[in-house]
Structure formats: structure tokens, C-alpha cells
2 protein chains.
Amino acid sequence: MSDRDQSLPHTVSGASNSGDALPPIGEHARQYETVRNAHETELIEDYVELIGDLIQHRGEARAADIASRMGVSQATVSKMIRRLNELGLVTSKPYRSLFLTEDGQKMAEVSRTRHDIVLHFLRALGVNDHTARIDAEGMEHHVSNETLSIMQRFIDQQTQR
Amino acid sequence: MSDRDQSLPHTVSGASNSGDALPPIGEHARQYETVRNAHETELIEDYVELIGDLIQHRGEARAADIASRMGVSQATVSKMIRRLNELGLVTSKPYRSLFLTEDGQKMAEVSRTRHDIVLHFLRALGVNDHTARIDAEGMEHHVSNETLSIMQRFIDQQTQR
DNA sequence: CATAATTGTTAGCCAAGGCTAAACTATTTG
DNA sequence: CAAATAGTTTAGCCTTGGCTAACAATTATG
């Protein structure tokens, strides 16, 4: 709580969208579909990204570390690792630490880049570091490449002055 | 696809976060926890928000409309409505259209406001309308009130000039 | 006004992502 | 080097949010 509990702004400048017509049905459905799809990959990406970070910063990724950092039980991690294996994102021998496959490394890097852009963008916007970290974690999977590019441009403008 | 498929920016100005140390374990876990919690309420909020929109724009919310706009089967909607009922967010009589309870209306309004702020913000940033709509749909549930306030301020600055 | 078409519900299936408890493996240490 | 501790996996359970198919109610129409 704390940082995230502040008075919610109650207005939007100019015409509120509430007055706008609803989008055409097909388009509307596609918007929700995009979100549902993002959902399916989100967790996977979070695990892969975290595993990449652990390898980079700690030299290895142990299940126990993943569990404590993700805030879930070891059993959950174990099950997830099996999935990542099936998806060809990690290789693992029982009771040994993990490695990312080439695909896994690629995914980790893309996720990491996106994450960083969103985080830097929020900070450049003026959001405090702690909140920015939390928001970035949730937002990263829902930001299109178009928006990412624009965020990057914004960061550049802010820092080059 | 289309709008969302563009070259991913590969750099972040200044120090990449990848070089930063990992957050302390407890904090890290809390970040993920926040995202997991958001997840649980996301869908609920989407349904409630959509029901509110339908009532406002169409005069009523029928299950069939919800199904086609969400892009899911009617059976799924029916089941979901039962849950919303249990949660005290809607009232419904079998084979009749839905109404939001007071709590439901409150939730719909908060969601709508957040959604609008994020959407307007993205447009003010320069994101094209179509992409902005998709991104807003996914992002809205992960934006803290602090960030929303800052987005609102940004919108005001952009439009008041 | 009887029947067809539309809309809503129920039953029963599935996969994902949590959990706890118990079993197994590896590592550390007395 | 044996026993204790730490780490990992498996089994089995639960809830959510999808689905299809079958049935029920409502509404529209010939």
C-alpha cells in the first residue's frame, strides 16, 4: 500500500470517453482478446526474465531463489520450470540449477528491454522510483512496440537537456 | 496485429537497468504479488466496466452483447455473471437484463475514469488512436493512482497549449 | 397464437497457476 | 562419513476462466 493509495483523479480534461460511442463489436472483442493473449505469456515472460536476471547477477538460477523472489512456493516454481522446459525456454537437470536456451535468452532480453524502457519512462515522467517499479512490472506486458518507441523518444528528450 | 508489430527499440538511454542490482527479496516478491492481485480483479473490473458502458450507451446490458464484445461464449458470460452476483456487483433475474449495484456502479466509474486517463494520456503522448485503445485496455489495471495523477497532469499540459 | 429464432442457463470438460504435505536428492557439518 | 539441513520434486487438491453441447425461457413472426 502506501505509495499506491492516493486520491484518484476524478476528471479527464476535454471530452470524457464515457460520452464516446462504444467501439464496433469486432474491434472491441479484439481489444479484449489481445489482453487475454498477453495474459498467457505474461507469467512465462516474468519467469524467464527473472531467471535471466538471476543468472546474470548471481551466476546461477536456483528454484529456491525464484520462489522467494516471485513470492510463491517452491512447488509452484518446480511445476513452472517443467512448463518452461516443454516450451523450450530453459534446460534443467533434476536438482541442478537452470539455464536458458537460446530462445529463452532472446525472450529474457526482449522482456528486460521492455521492462527497462517502461521503468525509465515512468521515472522520466516524474513517478517516484518505488511506484515506478511496481507499475512497470505490471504494465510492461501490455505496452505495444509503437508505444515503447514513443516512450524511448520521450526518455531521450528528457535526459538530453 | 499491424500496429503492434513494429521494430522494438533496443536501447535505453543512460544506464540500462540490467546492470543494476536486483531489488531486495521481500520488495521484489511484493512487486510480483501486486501484479498477481491486479490479475484477480482485472477481469471483474473489465466486465463491470463493460456492463456500465452498455447500460449507459444502450440502455441495458444483455448477456449476448457482453459475450460478443468480450469475444467469449455466452456460457462464459453466464458463469461470470453468477460470480459478479456473489460479489454483490450486479443484480440479475434469470433471462432478464442486468443492473449494477451501488458497489458495481462505483467500480464501473473508477475503472472508466482510469481507462479514460490512460487512453487520453497515450494519445497525448502521440500514440495513434487504435494502438492507444489496445494498450489502454491492458495497462489500466496496472497503473497506480500516483501515476494516474501524473498522467492527468501531463494531459492537462498538452491540451492547455 | 403456435412455432421458429434468439437468448440465457446448466452440466461437464479442460488447462493454468496457486497451495500443502510427503518423498527424494544434495550439501554441509559434527 | 553419517546425520542433519537445505533444496527439489511429486502427488493431489482447489479456483478461475475458458469451451461445447444440451436444455429452457423469451421474443418475434407467419
I need the CE-C1' distance between A/Met70 and C/dA16, as an integer number of Å.
14 Å

What are the two closest heavy atoms between B/Glu137 and B/Asp46, and how far apart are they?
OE2-OD1, 3.3 Å

What is the distance, rounded to the nearest whole Å, between atom NE2 of B/His39 and atom C1' of C/dG17?
11 Å

With side-chain contact (heavy atoms from CB on, under 4.5 Å) as the test, would you mind laying out the steps for A/His120 and A/Thr159 before giving the verdict?
CA-CA 10 Å; A/His120 281 82; A/Thr159 50; over 6 Å; no

B/Arg83 has its side chain closest, among D/dC19, D/dT16, C/dA16, to D/dT16

C/dG8 OP1/OP2 closer than 4.0 Å to side-chain N/O of B/Arg62:
yes

side-chain hydrogen bond (donor to acceptor under 3.5 Å, both in side chains) involving B/Ser111 - partner list, sequence neighbours excluded
none

Rounded to whole Å, the CD-P distance (B/Glu40 to C/dC19) equals 11 Å

Co-members of B/Tyr95 in a cluster of I, L, V, M, F, W and Y side chains, linked at under 4.5 Å
none

Close N/O contacts between protein and nucleotides 9-11 of chain D (under 3.5 Å):
{"unit_1": "D/dT9", "atom_1": "OP1", "unit_2": "A/Tyr95", "atom_2": "N", "d": "3.4"}
{"unit_1": "D/dT9", "atom_1": "OP2", "unit_2": "A/Ser78", "atom_2": "OG", "d": "3.3"}

B/Glu42 CD to D/dT15 C1': how many Å, rounded?
17 Å

Between C1' of D/dT8 and CG of A/Asn85, the distance in whole Å
14 Å

Name the closest nucleotide to the B/Ala64 side chain, picking from C/dT20, D/dG18, C/dT7.
C/dT7

Looking at C/dG17, I'd like to know if its phosphate oxygens (OP1 or OP2) sit under 4.0 Å from a side-chain N or O belonging to A/Thr76.
no

